[in-house]
Amino acid sequence: MDYNAFKTRCKEKGYSPSSLVADLGLSKSNVTNWKHGGNPSYAVLIQISQKLECTVGFLLGEEHSDNGVGAVVSQELWGNELTSARTISLEVGNPLKDEYLNEIAIFANCSILFLCGYEKKFVERQSCRTTANISERGWDKLLAIFDNVNNNPIIANMQMQLSRIVLHNLGICSGEQIPDEFLCCKADFILSDKKHKDALRDYPFNFSDLLVLGDIYEKSVRFMISGME
């Protein structure tokens with residue numbers, strides 16, 4: 001984590017780093033760890049970004065903007081658990097509209113509530129479907145979810161849920177089934193929230209991970225997400 005960005009954003013929001021972690025119910029020893037180059041876990045990064053109303057990418061030093069559009073939209077979405085598709089922000093200035101959210105959920109054969117993180121268990125939307133279609137723009141939007149470093153909490157949730165679908169479609173229920181040590185650790189985190197000493201393993205799959213999984217299991221990215229070639 002970019003500690004200077006974190007410290008500056010805390011000050012702007014009326015916190016000290018220590019008071020923020022205390023407010024989140026975390027040990028103050030985390031602050032010392034982050035100051036010396038340590039990284040928060042995936043779950044903690046999401047909590048911090050929501051509290052400070054900034055993107056995870058900003059906290060990681062991947063972005064220079066700290067306007068927090070993603071976090072603000074996230075709070076609005078989480079405030080209405082009965083919502084269907086809503087316009088949310090994929091990146092600042094790049095909206096993921098209802099039509100794409102619906103399209104991605106249908107393609108991945110899941111409910112919108114699961115896709116956005118409201119439901120924990122993946123249940124196939126259709127158990128005996130014969131086709132899985134998605135528009136060219138919808139496919140671009142879907143891949144962009146995997147191609148970003150969790151730019152905002154909503155997208156981070158979608159990236160995690162889609163990662164769970166990938167493991168389901170590959171028939172993987174334990175990280176031990178993956179003959180790649182790094183992806184094995186990631187799978188354990190995705191499936192059971194198992195934390196590792198190296199916090200960089202405590203993240204959902206990115207697009208590069210999907211390509212490696214595709215090579216290992218000889219499956220296309222399309223199959224891993226939709227369950228169909």
Side-chain angles (χ1 to χ4, degrees), residues 42-43 46 77 81 83-88 90 96-194 201-229:
Y42 165 78
I46 296 300
L77 182 59
E81 294 190 355
T83 186
S84 56
R86 286 187 143 209
T87 300
I88 60 178
L90 179 59
L96 183 58
K97 297 180 180 179
D98 291 3
E99 60 186 287
Y100 296 125
L101 187 56
N102 278 319
E103 196 175 1
I104 290 170
I106 292 171
F107 180 74
N109 203 19
C110 67
S111 69
I112 290 174
L113 292 179
F114 174 83
L115 184 61
C116 291
Y118 294 122
E119 299 172 345
K120 297 297 183 184
K121 185 178 180 181
F122 170 60
V123 177
E124 292 183 343
R125 193 170 183 168
Q126 294 181 318
S127 57
C128 299
R129 65 176 182 167
T130 57
T131 59
N133 299 316
I134 190 168
S135 68
E136 185 176 343
R137 285 297 292 151
W139 181 250
D140 289 344
K141 297 288 187 181
L142 191 158
L143 293 185
I145 294 171
F146 287 101
D147 201 31
N148 286 287
V149 188
N150 307 313
N151 277 349
N152 66 55
I154 291 294
I155 296 302
N157 282 331
M158 293 175 68
Q159 189 178 6
M160 176 61 79
Q161 298 297 72
L162 288 169
S163 294
R164 290 179 173 137
I165 291 174
V166 166
L167 291 173
H168 171 84
N169 288 333
L170 290 176
I172 295 170
C173 55
S174 169
E176 294 179 351
Q177 295 174 251
I178 302 178
D180 179 285
E181 194 268 339
F182 184 74
L183 294 183
C184 169
C185 292
K186 273 197 168 186
D188 280 336
F189 175 71
I190 293 164
L191 292 167
S192 60
D193 201 32
K194 179 181 178 182
R201 297 165 188 255
D202 297 341
Y203 284 88
F205 295 136
N206 57 39
F207 185 64
S208 295
D209 296 331
L210 297 187
L211 294 179
V212 174
L213 286 168
D215 287 340
I216 293 173
Y217 295 100
E218 298 184 344
K219 296 292 184 181
S220 67
V221 173
R222 181 183 179 86
F223 173 84
M224 288 186 280
I225 297 172
S226 70
M228 304 190 71
E229 293 290 5

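Bear in mind the structure is a predicted one, so any value in this text is a computation, not a measurement. Just the heavy atoms: all of them, side chains too, but no hydrogens, waters or symmetry mates, feed the values below.
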> Do P204 and F146 touch side chain to side chain, with heavy atoms closer than 4.5 Å?
Replying inline: no
>> Using modelled atom types and a 3.5 Å cut-off, is there a donor and acceptor pairing between side-chain atoms of Q161 and backbone atoms of M158?
In response: no
> Do L143 and L210 have side-chain heavy atoms sitting under 4.5 Å apart?
Replying inline: no
>> The criterion is side chain to side chain donor-acceptor pair (under 3.5 Å); which residues satisfy it with S135, sequence neighbours excluded?
In response: E103
Check: residues 218-225 side-chain donor-acceptor pairs under 3.5 Å, at least two apart:
| unit_1 | atom_1 | unit_2 | atom_2 | d |
| --- | --- | --- | --- | --- |
| S220 | OG | F223 | N | 3.0 |
| S220 | OG | E229 | OE1 | 2.7 |
| R222 | NH2 | A132 | O | 2.2 |

> Listed by chain and number, what are the side-chain contact (heavy atoms from CB on, under 4.5 Å) partners of C110, not counting sequence neighbours?
Replying inline: A105, A108, F114, L115, F122, I165
> Can you name the closest pair of heavy atoms from F107 and R129 and give their distance?
Replying inline: O-NH2, 2.8 Å
> About how many Å separate CD1 of I106 and OG of S226, when rounded to the nearest 0.5 Å?
Replying inline: 13.0 Å
> Of the non-hydrogen atoms in D180 and L183, which two are nearest, and what is the gap between them?
Replying inline: OD1-N, 2.9 Å
> Backbone N or O of R125 within a donor-acceptor pair of the N109 side chain at under 3.5 Å?
Replying inline: yes
> Considering all heavy atoms of both residues, which atom of A187 and which atom of I178 are nearest to each other, and what is their separation?
Replying inline: CB-CD1, 3.6 Å
>> To the closest 0.5 Å, what do you measure between CG (D209) and CD1 (I190)?
In response: 8.0 Å
>> I'd like to check E124 versus H168 (side-chain heavy atoms, cut-off strictly below 4.5 Å). Are they in contact?
In response: yes
>> Is the shortest side-chain heavy-atom distance between Q159 and N206 below 4.5 Å?
In response: yes
>> To the closest 0.5 Å, what do you measure between OG1 (T130) and CE (M228)?
In response: 6.0 Å
> S163 side chain to F205 main-chain N or O, any donor-acceptor pair under 3.5 Å?
Replying inline: yes
> Between atom CD1 of I172 and atom CG of L191, what is the distance when rounded to the nearest 0.5 Å?
Replying inline: 8.5 Å
>> Nearest 0.5 angstrom please: L142 CG to I134 CD1, how far?
In response: 5.0 Å
>> A side-chain contact here means heavy atoms from C-beta on lying under 4.5 Å apart; do Y203 and C185 qualify?
In response: no
> Hey, does I104 have a side-chain heavy atom less than 4.5 Å from the side chain of I145?
Replying inline: yes
